[in-house]
Structure formats: C-alpha cells, structure tokens
Amino acid sequence: MALSEFELIARYFSHAGAPREDVALGVGDDCALLRPPAGQLLALTTDTMVDGVHFPHATRPGDLGHKALAVNLSDLAAMGAEPAWVTLALTLPAADPAWLEAFAGGFAALAREHGVALVGGDTTRGPLSVTVQAHGFVPPGQALTRGGARPGDLVYVTGTLGDAGLALLALRGEIRLPGPDLAAVRERLDRPRPRVGAGLALRGIASACIDISDGLAADLGHILEASGAGATLHLERLPVSATLAARLAAAGGWSLPLSGGDDYELCFTVPAARQGEAERALAAAGCPADRVGVIEAAPGLRCVTPEGDSVDAGRGGWQHFGG
C-alpha cells in the first residue's frame, strides 16, 4: 500500500534529528515552536538541490540525505554560527520506502552529529529535489562575514581542494581512476564534512569567511568584492590530496583546486598579527588550515605558479541563469 504524506513524515522524519530543549513543538503541526536563546542572533540559510543539477542521477539516497544537510551546515560554519534547527522540503517522484529509509538515515546521522533538530518541512510529488533551511546562533558582533578582509590579511583554506571535481570528471568518463581512488574522491563529493568547529573557532579572529561551494577562485572573489580588495594566491600552497596531486596535469592543471566546486571547505582571511592565534584555535578544533595567499589593495585575483607565472583564476563559478 502506498504511503500517504503524513505516514511518510511520521515513519521517516518525525525523529530524524537530535532532541533539543529549545524545541517546544517540532515535526507534526502547522508550525514549529522554538525558543531562541537570549542575547543571540539567529543565522538562517536555505539551499535547494535538484536531481541532475546539484548531484548526479545515480547518487545514493543515504549520501544525498547527508549532503543536503551538510551544504547548509557549511553555510552556518562560514558565518561562525552554531547549528540548531533545520526544516526539510522533499519533492519525490514516488514514495519508495527503501529510498526514504536510506535518505532519512544519511540525513539523521549528520543531524545527530551536530546536535541539530529537524523541526518541520514539507513533502510533495514531482521531480526529485531537496530543500533544507538551517538555523543557527551567533553572538552579536561575532558573526563571520565576507566583507572584512583588509590588505595584508592572510588567506587560508581548510581541508583539501578539488577532490569533488575530480570525482565528477571520473563519473563523466573524462578521467580514469582505480577503485580505491574513485571511492576516496567520491566520498568527498557525496559526503562533504561541514567545518562547523572551524567556524566556531574563528569567531573574533577571522576578518572574513566564506564556504567553498563554487570553487576557491569564485568564492574568494566574493570576499574580495565585498571587501573592496584584491588578492594573490600561490598555487603551490593550495592543499590537494595525494590522489589529485598525482593527476593534476591530466585533470586540467590548477583548474580543479581553483574552480572545481563542491569542496565545502572554508576560505577565510586573518590579520597577519593574529596568524598564530588562528592556527592554534583551528588546531584545537581539529581542523588545521593552509595559508594560500594574501589580501592586497589592488583589485582582482592573481594566481602565481611555483615558477612565477600567472594563471587565469577562472572565477566564473556556477550560474543557474547566467550566460
């Protein structure tokens, strides 16, 4: 027998998250009733993921559940916000119990890991798409934004760059990878790890921050635009995995770590005088980062190879309605 919308919600999503005392009423009513903590600002973000646009058709449902939440937690991390609540709007071509069980499992595991409560949402029939709205808290004056970078600030990134882009190349048949290497980079594409701890550690230290969803060049470009500044990146300092390093030339040179997208790492800037403080805070949070460049007064993004040559940064990024 086919599941009704309400049976679907009750079976798979009524408890798909962490319990929180600040949730007075969660899934199952017309609205959630929530208790924001006194003296905190509410950070809110929304992302929609559409089948064949934001994830390959063959993405496993558990991976999709994880990623749909992870990309929103990454936005909160980039603001230095502590995650609290999420809503989920799920459009499905059919109510397949096995698919729903796996999707809800991937979503719920990450929600519990970060203490996030699922407090509401919607389900409907149609082409597969997932929309998550995430809410978090940040003390006044401590939110990380894109607009605070100043000349002389150091540019950092967490993690490694380009693995998700390498996975997409392999899935499209544009490059061949041995099974273990494909599994490693596919994990980076399908199950990104939101850098929530790093974002919290950078409160009051970083001058600007953004999460890397469209590629380092494009997203650092947003910081530069908001800050009225430019930057130079030193390409030999870009952190890449051993898998990508061995195939950098075959995968298009520096294009993947610069513009590959789907990394969901943090790019942030730090005043030079606070470099040590930032690095110690990140190490304590279990998320060290690499210094890759410097903010400059001259507009534009300049990328320099180890040989001193300039490389086109390729700042375009993904545009849903662009030319």
Side-chain angles (χ1 to χ4, degrees), residues 12-24 26-27 32 34-37 40-49 54-55 60-90 102-121 130-139 142-144 157-159 164 187-204 206 209-213 262-268 281-289:
Y12 298 107
F13 299 110
S14 60
H15 301 291
R20 293 181 61 97
E21 293 184 358
D22 52 17
V23 178
V27 173
L34 309 170
R35 302 185 185 93
Q40 297 277 311
L41 298 178
L42 179 66
L44 187 151
T45 184
T46 303
D47 271 297
T48 296
M49 300 179 65
H54 300 94
F55 56 91
R60 294 170 296 191
D63 292 339
L64 180 57
H66 173 104
K67 188 168 185 176
L69 178 56
V71 301
N72 284 270
L73 297 184
S74 183
D75 282 334
L76 293 181
M79 297 292 292
E82 180 181 357
W85 315 312
V86 293
T87 61
L88 168 66
L90 184 58
F103 176 91
F107 188 99
L110 187 63
R112 289 192 292 267
E113 179 182 337
H114 289 280
V116 172
L118 177 63
V119 297
V130 188
T131 298
V132 173
Q133 184 179 81
H135 313 73
F137 310 130
V138 61
Q142 292 194 36
L144 308 177
V157 294
T158 62
E187 179 80 3
R188 292 295 311 278
L189 174 66
D190 290 339
R191 289 184 174 256
R193 305 304 305 178
R195 300 298 190 178
V196 173
L200 297 177
L202 290 168
R203 284 179 178 176
C209 189
I210 192 170
D211 78 321
I212 305 173
S213 56
D262 265 327
D263 291 313
Y264 296 101
E265 298 292 346
L266 296 184
C267 172
F268 58 94
L282 288 166
C287 186

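Source: prediction; values computed, not measured.
A distance of 10.0 Å separates CG of L41 from CD of Q142, quoted to the nearest 0.5 Å. Interatomic distance, CD1 of I210 versus CG of D75, reported as 9.0 Å (0.5 Å rounding). Between the CD atom of E82 and the CG atom of L76 there is a distance of 10.0 Å, given to the nearest 0.5 Å. Here the straight-line distance linking atom CG of L44 with atom CE of M79 works out to 11.0 Å at 0.5 Å rounding.
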Inset, instruction - Could you walk me through whether V71 and S213 pass the side chain to side chain contact (heavy atoms under 4.5 Å, CB included) test, one step at a time? - result: CA-CA 8 Å; V71 301; S213 56; over 6 Å; no
Inset, instruction - Mind running side chain to side chain contact (heavy atoms under 4.5 Å, CB included) on T46 and T131 for me, showing each step along the way? - result: CA-CA 7 Å; T46 303; T131 298; 3.7 Å; yes
Inset, instruction - Walk me through it: do F107 and V130 pass the test side chain to side chain contact (heavy atoms under 4.5 Å, CB included)? - result: CA-CA 11 Å; F107 188 99; V130 188; over 6 Å; no
Inset, instruction - Please test V27 against F13 for side chain to side chain contact (heavy atoms under 4.5 Å, CB included), starting from the C-alpha separation and ending with a verdict. - result: CA-CA 8 Å; V27 173; F13 299 110; 5.5 Å; no
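Around the CZ atom of R20, the shell of radius 6.0 Å holds more than 12 heavy atoms that belong to other residues, nucleotides or ligands.
Of the possible polar contacts, none joining the H66 side chain to the G105 backbone as a donor-acceptor pair under 3.5 Å is found. A distance-only check finds a donor-acceptor pair linking the side chain of R203 to the backbone of G80 [under 3.5 Å].
Counting only heavy atoms from C-beta outward, the side chains of V86 and N72 never approach each other to under 4.5 Å. Within the 4.5 Å cutoff, side-chain heavy atoms of F268 are placed close to those of T158. Within the 4.5 Å cutoff, the side chain of E113 has heavy atoms near those of the R193 side chain. By the 4.5 Å heavy-atom criterion applied to side chains, Y12 and L90 are not counted as neighbours.
The heavy-atom pair separating C287 from A198 by the smallest distance is SG-CB, 3.9 Å. Smallest separation of non-hydrogen atoms from L266 and G199: CD1-N, 3.9 Å. Contact record, R188 with D263: NH2-O, 3.8 Å, taken as the closest heavy-atom pair. The shortest non-hydrogen separation linking L144 to A78 is CB-O, 3.3 Å. A pairwise comparison of heavy atoms in A117 and V23 identifies CB-CG2, 3.9 Å as the closest pair. Residues V138 and A81 share a closest heavy-atom pair of CB-CA, 4.2 Å.
In summary, of the residues considered (D190, D47, D262), a salt bridge (charged side-chain N to carboxylate O under 4.0 Å, His left out) with K67 occurs for D262 alone.
Ring geometry for H135 versus W85: interplanar angle of 30 to 60°, hence tilted.
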